[in-house]
Amino acid sequence: MTEQQTPYQPLQFETIQFEIRDGVAVLRLNRPDSLNSFNTQMHHEVRQALKAICQDPGVRCLLLTGNGRGFCAGQDLSDRSVAPGAEAPNLGESIEKNYNPLIRTLQRLPLPVICAVNGVAAGAGANIALACDLVLAARSASFIQAFCKIGLIPDSGGTWTLTHAVGRARAMGLALLGDKISAEQAQQWGMIWQMVEDDQLQEQAMQLARHLATQPTTGLALAKRAINAAATNTLDQQLELEQELQTVAGRSDDYREGVAAFMQKRPPSFKGH
Ligand code: T3D
């Protein structure tokens with residue numbers, strides 16, 4: 001095996017599987033018996049993995065997916081049952097410590113983040129998926145804003161992401177009714193990038209990840225930043241931001257390489273910076 005082919009596994013985990021290979025970091029949620037719901041350990045391990053990605057300039061794409069028949073059923077509710085008369089858990093603290101930093105990290109990672117939704121994505125699990133940059137979902141996958149069924153509100157950015165992705169009327173319906181939305185419906189509504197057949201999901205997601213890992217990462221990261229900012233910016237603010245970010249992109253080695261390759265009629269060889 002050459003050095004490039006050797007899987008890079010810096011950390012050992014129990015609730016996730018994580019590896020970095022050829023510029024692609026693959027993070028698999030791995031608590032299939034509870035549909036990959038998040039407990040404290042899983043939050044901790046996901047944080048560790050994301051930290052490793054941030055510290056490794058060789059990572060040029062992240063692929064997030066799940067093991068088993070579900071992608072993620074949100075918070076592990078077995079950690080949340082409260083005996084009658086006992087004090088309620090402080091969910092605000094949990095969100096501040098776990099879910100909000102996770103969503104912010106996914107949005108701010110300066111590289112494309114793909115989510116391959118392999119099965120049901122419920123509660124925070126749905127909104128973590130929707131916070132990723134390119135969402136592929138298996139035909140049999142589904143999305144459920146399950147929060148209303150247990151007296152909660154959509155979190156992990158769901159009230160923002162859904163409202164911007166599908167509009168107020170549909171976001172309201174999803175949040176107040178908690179209906180299961182099929183992958184096909186999610187694609188039709190523009191919630192996700194693409195639905196793919198079940199047996200092709202992992203392969204297609206990996207192919208996309210490998211492709212993105214050969215692309216001009218800095219440019220992609222700047223495009224991601226601009227698109228994310230567009231949700232709240234005015235046109236004038238957005239034009240200014242585009243000018244600012246294009247200045248940065250224009251100074252990258254990959255831009256130089258892209259133009260040179262075009263002029264020389266050869267495929268570009270991007271280094272990611
Ligand atoms: O608390 C905080 O920190 C605040 C933040 C909250 C964020 C949130 O995510 S709140 C929302 C939490 N999630 C849910 O409410 C979803 C609960 N799950 C479901 O509604 C259903 O499981 C699904 C619709 C996702 C799937 O249904 P189905 O019929 O395909 O599977 P199932 O039989 O319900 O689940 C399979 C197993 O997974 C089952 O265990 P068992 O009986 O085989 O031992 C089930 O208990 C377990 N499981 C599913 N979801 C969770 C879970 N265990 C713990 N927590 C879960 N969220």
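In each ligand, atom 1 is the first atom listed, and ligand 1 is the first ligand listed. Here the structure is a predicted model, which is why all the values come from computation and not from measurement.
Contacts between R80 and ligand 1 below 4.0 angstrom, taking non-hydrogen atoms only, involve the side chain exclusively. By the criterion of a heavy-atom distance under 4.0 Å, the side chain of R69, and not its backbone, is placed next to ligand 1. Residue contacts with ligand 1 for D155 involve side-chain atoms from C-beta outward but no N, CA, C or O (heavy atoms, distance under 4.0 Å). Contacts with ligand 1 closer than 4.0 Å are made by heavy atoms of both the backbone and the side chain of A73. By the criterion of a heavy-atom distance under 4.0 Å, both the backbone and the side chain of A124 are placed next to ligand 1. Proximity of D79 to ligand 1, defined as any heavy-atom pair under 4.0 Å, is not found for any part of the residue. In F147, the part holding a heavy atom less than 4.0 Å from any atom of ligand 1 is the side chain.
Counting protein heavy atoms only, atom 20 (O) of ligand 1 is closest to A146 CB, 4.8 Å. In terms of protein heavy atoms, atom 55 (N) of ligand 1 is closest to L77 N, 2.9 Å. At the shortest separation from atom 40 (O) of ligand 1 among protein heavy atoms lies D33 O, 4.0 Å. Scanning the protein for heavy atoms near atom 3 (O) of ligand 1, the closest one is S94 OG, 2.4 Å. In terms of protein heavy-atom proximity, atom 35 (O) of ligand 1 is closest to L35 CD1, 3.6 Å. Looking only at protein heavy atoms, the nearest one to atom 48 (N) of ligand 1 is S34 O, 3.9 Å. In terms of protein heavy atoms, atom 24 (C) of ligand 1 is closest to I144 CD1, 3.6 Å. Regarding atom 57 (N) of ligand 1, its nearest protein heavy-atom neighbour is Q75 O, 2.8 Å.
Within 6.0 Å of the CD atom in Q55, the count of heavy atoms belonging to other residues, nucleotides or ligands exceeds 12.
Not a single heavy atom of N98 sits under 4.0 Å from any atom of ligand 1.
Polar contact with ligand 1: absent for Y99 (N/O pair, distance under 3.5 Å).
For the atom pair CD (Q207) and CD (E203), the distance works out to 6.0 Å, reported to the nearest 0.5 Å. Note that CG of N100 is 8.0 Å distant from CG of D155, once rounded to the nearest 0.5 Å.
Side-chain atoms of N118 do not come within 3.5 Å of backbone N or O of A141 as any donor-acceptor pair. Put simply, the side chain of K180 never gets that close to the backbone of A122: no donor and acceptor are under 3.5 Å apart.
Checked by atom type, the side-chain pair N67/N30 shows a donor-acceptor distance below 3.5 Å. Side-chain atoms of T163 and R168 form no donor-acceptor pair, as typed in the model, at a separation below 3.5 Å. No hydrogens or angles considered: nothing links the side chains of T234 and D236 as a donor-acceptor pair under 3.5 Å.
With salt bridges taken as basic N to acidic carboxylate O contacts below 4.0 Å, none links D253 and K271. A salt bridge is absent between R225 and E242: the closest approach of a Lys/Arg side-chain nitrogen to an acidic carboxylate oxygen does not fall below 4.0 angstrom.
Of all heavy-atom pairs spanning M42 and T15, the tightest one is CA-OG1, 3.1 Å.
Protein heavy atoms are found inside the 4.0 Å sphere centred on atom 38 (O) of ligand 1. Per-atom contact check: atom 9 (O) of ligand 1 touches the protein, criterion being a heavy-atom distance below 4.0 Å. There is no protein heavy atom less than 4.0 angstrom from atom 44 (O) of ligand 1.
Residues L162 and W160 do not share a hydrophobic cluster, clusters being chains of Ile/Leu/Val/Met/Phe/Trp/Tyr side chains in contact below 4.5 Å.
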